[in-house]
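Lettering of chains follows the sequences in order, A, B, ..., and the numbering in each one begins at 1.
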Amino acid sequence: MTREAAAEIFERIALLMELKGENPFKIRAYKTGAEVVESYAGDIMQLARDNQLAGIKGIGDALRDKLHEMALTGKLEFYEKLKAEFPEGLFALFDISGLGPKKIAALYSKLGVASLADLRRVCESGEAAKISGFGDKTVVKILEAIAFREQHASVFRQDQVYGLVQSMLEQLRAHPSVSRAEVCGSFRRGKETVGDLDFLVATKRPEEVIADFVKLPEVNKIIAQGGTKASVYATNGVQCDLRAVSSAEYPFALNYFTGSKEHNVVMRQRALDRGLSLNEYGFKPSQEGGSVPEEAAEIYEEKEIYRLLGLDYIEPELRENSGEFDASEKGRLPKLIELENLRGVFHNHTTASDGKATLREMAEAAMELGLQYLGIADHSKSSFQANGLDEKRLRAQLAEIRELNAEYAGQFRIFAGSEVDILKDGSLDFDDELLAELDYCVASVHNVFNLPEAEMTARIIRAIENPHVTMLGHVTGRLLALRPSYAVNIPAVIDAAAATNTIIELNASAWRLDMDWRWWRLAAEKGVKCSINPDAHSTRGLQDVLLGVRAARKGWLTRKDVINCLPLAEVEAALRAKER
DNA sequence: GCCGTTTTCGGCCCGACTGTTTTCAGTCG
């Protein structure tokens, strides 16, 4: 069993206990346990198998035994019994914004609501509004939340599929009859979420490869299986399609199945303009009696298809038919940022607020990743829920950082910052005097999400105009497929950032990827710099920068647009650019 | 269920907002 699966079971135990009205502290212990399992720096499942879990904070006797059982048997008796007390569909109700355990328990016990469909029915029929604690407004909100949820029903964040993609690709590439394999579709294009996964292989024995594909351990259910393609559901619920083509067809199929649909339409039109018809198998003459030029018959790489159509190679992330053809024709495609360009990371949390690792552990993890610097930005005092730091604790952390920096002298640098709350009126949670003592400051909205657009925009711009705000955190507050962005005028925010030399964060957490890639070209054109921030709450969380880089590439950004590509010697000046 | 320089019991994060109420329960961050 993977650590993700074990953490998920602890989380579900917590949900079920909430439904049963169990001791809230017991529930919290399971939630904490899930977080520890998820973010532990080390192979916690191996430790669980070997019974070596003693001394891990947050894992006591009970959770230790349960982890051991899961690691050994792949199951947990305790959870199976608990789960059997409630219908499976109840879990989906927790994803409805505004519904918590008490309301779900009431709906279940009073009206027998056991699924999203049931929930919609009792809301529409008026039954729900009659339950004590429910009213008309609650019902309207629930129906709105169901609609939002359904729009995003089969949507998966990258962290939910990344491991699956790597593992399936690895197994496909290792197959003796497979010469090449790749993942296509929206995943290859670096979209923030995906609906399904499209795999492609080049092989001379398609049926054999497909027969082995549907037997992979990650496959939960076969939807369809034929001579050249198969569709399955993976254990985490993602639909995975596999197409098997010949080696000669492979570059064409790779291009076709990567999309986007709109990009493909332009590609085929360009081919027609050259007397060629393009599909997923290759070039053909577009008219009878026509011919295919020699170079079109000898294509091995995707790049050569673009060249034949008079284009520079277009990276998959840019294939949205949003200007890439024009730039490609003119030789003006950007040289996209790469993971290796990053020299450091800002906006990270420690145990001082709601992080799982200490300052020193975070610094050492960053060093191990080959980074030159690490920016800390723990929550400020208004974020009670996240154990935000008050002035005194922040100053203490500042002193601790100075000491560590003395120890690391020359090798590595920690930048002392704060993720300071933007209060309802746009003022900040700390006064200017304290902010001036920091190396940098990320300002973020964490509460009162329901302001009208004009007010929210003014609130954020007021924060941007503070000379000590180095960068703006997660601009829209969205949680992918879970909670929409609050109302905010992003072009106005970008203009304000440009006018004040304020950096905008690309929050690299798989849940956020905020600011959205669709806005980065505009921001870069206006001269706004980006900071790819992992918003790490654990040492493992630092690796989310990978997702941030993918989103930045999709936003046409180069290393010159991203301040944490700067070497240590230059980045400090960049942090001070605004104050100057 | 976890934890402990106040250690084997007693405490465990806090306040805003919303919608339902008529003083508060539930949800959220």
Side-chain angles (χ1 to χ4, degrees), chain A residues 9-11 13-37 53-67 76 78-79 82 93-108 110 123 128-145 349 351-356 378-390 393 419-425 429 444-451 455-456 473-474 476-479 482-486 507 509 511-512 514 535 537:
Chain A
I9 287 179
F10 280 162
E11 262 163 41
I13 289 173
L15 291 181
L16 291 167
M17 286 182 156
E18 285 188 311
L19 284 180
K20 295 180 75 170
E22 291 258 12
N23 176 347
F25 300 108
K26 198 167 170 177
I27 293 165
R28 186 187 298 165
Y30 277 97
K31 289 184 178 173
T32 310
E35 284 177 10
V36 171
V37 171
L53 288 170
I56 298 180
K57 204 162 152 29
I59 306 290
D61 294 351
L63 267 60
R64 185 197 60 209
D65 291 347
K66 291 187 170 71
L67 271 175
L76 183 62
F78 175 80
Y79 172 62
L82 189 61
L93 303 188
F94 282 94
D95 289 335
I96 299 301
S97 175
L99 277 193
K102 297 288 165 56
K103 284 204 163 79
I104 292 172
L107 286 162
Y108 175 56
K110 297 210 166 68
C123 283
K130 289 182 197 142
I131 304 180
S132 158
F134 288 64
D136 292 341
K137 285 193 180 174
T138 310
V139 167
V140 169
K141 278 198 154 185
I142 291 174
L143 285 171
E144 282 171 3
H349 298 268
T351 46
S353 66
D354 59 349
K356 298 284 172 294
D378 270 314
H379 287 285
S380 64
K381 59 181 188 273
S382 287
S383 280
F384 306 101
Q385 82 285 350
N387 190 26
L389 282 65
D390 59 17
R393 289 178 59 215
E419 182 181 16
V420 64
D421 268 24
I422 302 177
L423 305 179
K424 186 177 175 184
D425 64 354
D429 205 14
S444 310
V445 168
H446 283 118
N447 62 7
V448 199
F449 290 171
N450 58 350
L451 293 179
E455 258 178 79
M456 183 61 93
H474 44 74
T476 74
R478 74 175 180 189
L479 294 178
L482 189 61
R483 182 180 74 196
S485 151
Y486 37 70
N507 190 298
S509 157
W511 286 90
R512 297 187 182 271
D514 184 8
D535 197 356
H537 287 72

Engineer: Are the side chain of A:Arg478 and the backbone of A:Arg483 linked by a donor-acceptor contact shorter than 3.5 Å?
Structural biologist: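 It does not hold such a pair.
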Engineer: Could you work out which one of B:dG19, B:dC2, B:dC28 sits closest to the side chain of A:Ala29?
Structural biologist: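 Side chain of A:Ala29 sits closest to B:dC2.
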Engineer: Let's see if you can work this out: which of B:dT27, B:dG19, B:dC3 has an atom nearest to the side-chain heavy atoms of A:Lys57?
Structural biologist: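 So the nucleotide nearest the side chain must be B:dC3.
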Engineer: Using atom NE2 of A:His474 as one end and atom P of B:dG29 as the other, report the distance to the nearest whole Å.
Structural biologist: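 Going from NE2 in A:His474 over to P in B:dG29 covers 11 Å.
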Engineer: What is the distance from CD1 of A:Ile422 to P of B:dG29, rounded to the nearest Å?
Structural biologist: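 About 17 Å, once rounded to whole Å.
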Engineer: Using atom P of each nucleotide, how far apart are B:dA16 and B:dG11 to the nearest Å?
Structural biologist: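 The same atom, P, in both gives a distance of 25 Å.
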Engineer: Can a salt bridge be assigned to the pair A:Asp390 and A:Arg393 using a cut-off of 4.0 Å between side-chain N and carboxylate O?
Structural biologist: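 A:Arg393 and A:Asp390: not salt-bridged.
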Engineer: Tell me whether A:Asp425 at atom CG has more than 12 heavy atoms from other residues, nucleotides or ligands lying less than 6.0 Å away.
Structural biologist: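 Enclosed.
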Engineer: Look through every strand shown and name the nucleotide pairing with B:dT8 as Watson-Crick or G-U wobble, where both distances are under 3.5 Å.
Structural biologist: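 Matched B:dT8 with nothing under the 3.5 Å cut-off.
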Engineer: Any base atoms under 4.0 Å from A:Asp61, or only sugar-phosphate, or nothing? Heavy atoms, all strands.
Structural biologist: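 Sugar-phosphate only.
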Engineer: Is A:Phe384 stacked on the base of B:dC14, meaning ring centres closer than 5.5 Å and planes within 30 degrees of each other?
Structural biologist: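 Stacking is absent between B:dC14 and A:Phe384, given that the ring centres and planes do not meet under 5.5 Å and under 30°.
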Engineer: Please work out if A:Leu63 contacts a base, only the sugar-phosphate, or nothing of the nucleic acid, heavy-atom cut-off 4.0 Å.
Structural biologist: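 It contacts sugar-phosphate atoms only.
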Engineer: Expressed in whole Å, how much space separates the P atoms belonging to B:dA25 and B:dT21?
Structural biologist: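 Between the two P atoms, the distance is 13 Å.
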Engineer: By nearest heavy atom, map A:Val139 and A:Leu99 onto DNA chain B; which one lands nearer the 5' end?
Structural biologist: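 The residue mapped nearer the 5' terminus is A:Val139.
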Engineer: With rounding to whole Å, what would you report as the distance between B:dT20 and B:dT27 at their P atoms?
Structural biologist: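 B:dT20 and B:dT27 have their P atoms separated by 13 Å.
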Engineer: Of all the nucleotides listed (B:dG1, B:dT18, B:dT27), which has the minimum atom distance to the side chain of A:Lys102?
Structural biologist: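 The nucleotide sitting nearest to the side chain is B:dT27.
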Engineer: Could you state the atom-to-atom distance from CG of A:Leu479 to C1' of B:dC28 in whole Å?
Structural biologist: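 Between C1' of B:dC28 and CG of A:Leu479: 11 Å.
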Engineer: Between P on B:dG29 and CD on A:Glu419, what's the gap in Å once rounded to a whole number?
Structural biologist: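 That distance rounds to 14 Å.
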Engineer: Report the nucleotide, chosen from B:dG1, B:dG29, B:dG19, that has the shortest atom-to-atom distance to any side-chain atom of A:Phe449.
Structural biologist: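 Among the listed nucleotides, the one closest to the side chain of A:Phe449 is B:dG29.
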Engineer: Closest-nucleotide mapping onto DNA chain B: is A:Ala386 or A:Lys26 further toward the 5' terminus? I mean the 5' end.
Structural biologist: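 Taking each residue's closest nucleotide, the earlier one in sequence belongs to A:Lys26.
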Engineer: How far, in whole Å, is B:dC17 from B:dC12 if one measures between their C1' atoms?
Structural biologist: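 Straight-line distance between the two C1' atoms is 24 Å.
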Engineer: Can you tell me how far P of B:dT18 sits from CG of A:Asn450, to the nearest Å?
Structural biologist: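 So the two atoms are 5 Å apart, to the nearest Å.
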Engineer: Regarding A:Gly58, tell me which of base, sugar-phosphate or nothing describes its non-hydrogen contacts under 4.0 Å with the strands shown.
Structural biologist: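 Sugar-phosphate contact only.
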Engineer: Side-chain contact test, heavy atoms from C-beta onward, threshold under 4.5 Å: evaluate it for A:Phe78 versus A:Ile9 and give yes or no.
Structural biologist: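 SC-SC contact between A:Phe78 and A:Ile9 ruled out.
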Engineer: Kindly point out which of B:dC12, B:dC28, B:dG29 is positioned nearest to the side chain of A:Phe25?
Structural biologist: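 Within the option list, the nearest is B:dC12.
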Engineer: Would you say the side-chain atoms of A:Ser380 and A:Asp429 include a donor-acceptor pair closer than 3.5 Å?
Structural biologist: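 Checked: A:Ser380/A:Asp429 side chains pair up, N/O donor to acceptor below 3.5 Å.
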Engineer: Between A:Thr138 and B:dT20, does any side-chain N or O lie under 4.0 Å from OP1 or OP2?
Structural biologist: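 Yes, such a contact exists.
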Engineer: Mind checking A:Thr32 for me? I need base, sugar-phosphate or nothing, with any heavy atom below 4.0 Å counting as a touch.
Structural biologist: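 The residue A:Thr32 makes no contact with any strand.
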Engineer: Please determine which of A:Asp514, A:Leu479, A:Thr476 meets the side-chain contact (heavy atoms from CB on, under 4.5 Å) test together with A:Ser485.
Structural biologist: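 Of A:Asp514, A:Leu479, A:Thr476, side-chain contact (heavy atoms from CB on, under 4.5 Å) with A:Ser485 is met by A:Thr476 alone.
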Engineer: Do A:Leu423 and A:Ser382 come close enough that some side-chain heavy atom pair is under 4.5 Å?
Structural biologist: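 The answer is yes; the side chains approach within 4.5 Å.
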Engineer: Which value, in whole Å, describes the distance between the C1' atoms of nucleotides B:dC2 and B:dT8?
Structural biologist: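 Approximately 12 Å lies between the C1' atom of B:dC2 and that of B:dT8.
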Engineer: Starting from P on B:dG1, measure out to CD1 on A:Ile13 and report it in whole angstrom.
Structural biologist: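 Taking CD1 of A:Ile13 and P of B:dG1, I get 10 Å after rounding.
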Engineer: To the nearest Å, give me how far apart CG (A:Asp390) and C1' (B:dC14) are.
Structural biologist: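 My rounded result for the distance is 14 Å.
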Engineer: Nearest to the side chain of A:Pro101 - B:dT27, B:dC17, B:dT20?
Structural biologist: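 Minimum distance to the A:Pro101 side chain belongs to B:dT27.
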Engineer: Provide, to the nearest angstrom, the distance between the CG atom belonging to A:Asn447 and the P atom belonging to B:dT27.
Structural biologist: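 Nearest whole value for this atom pair: 20 Å.
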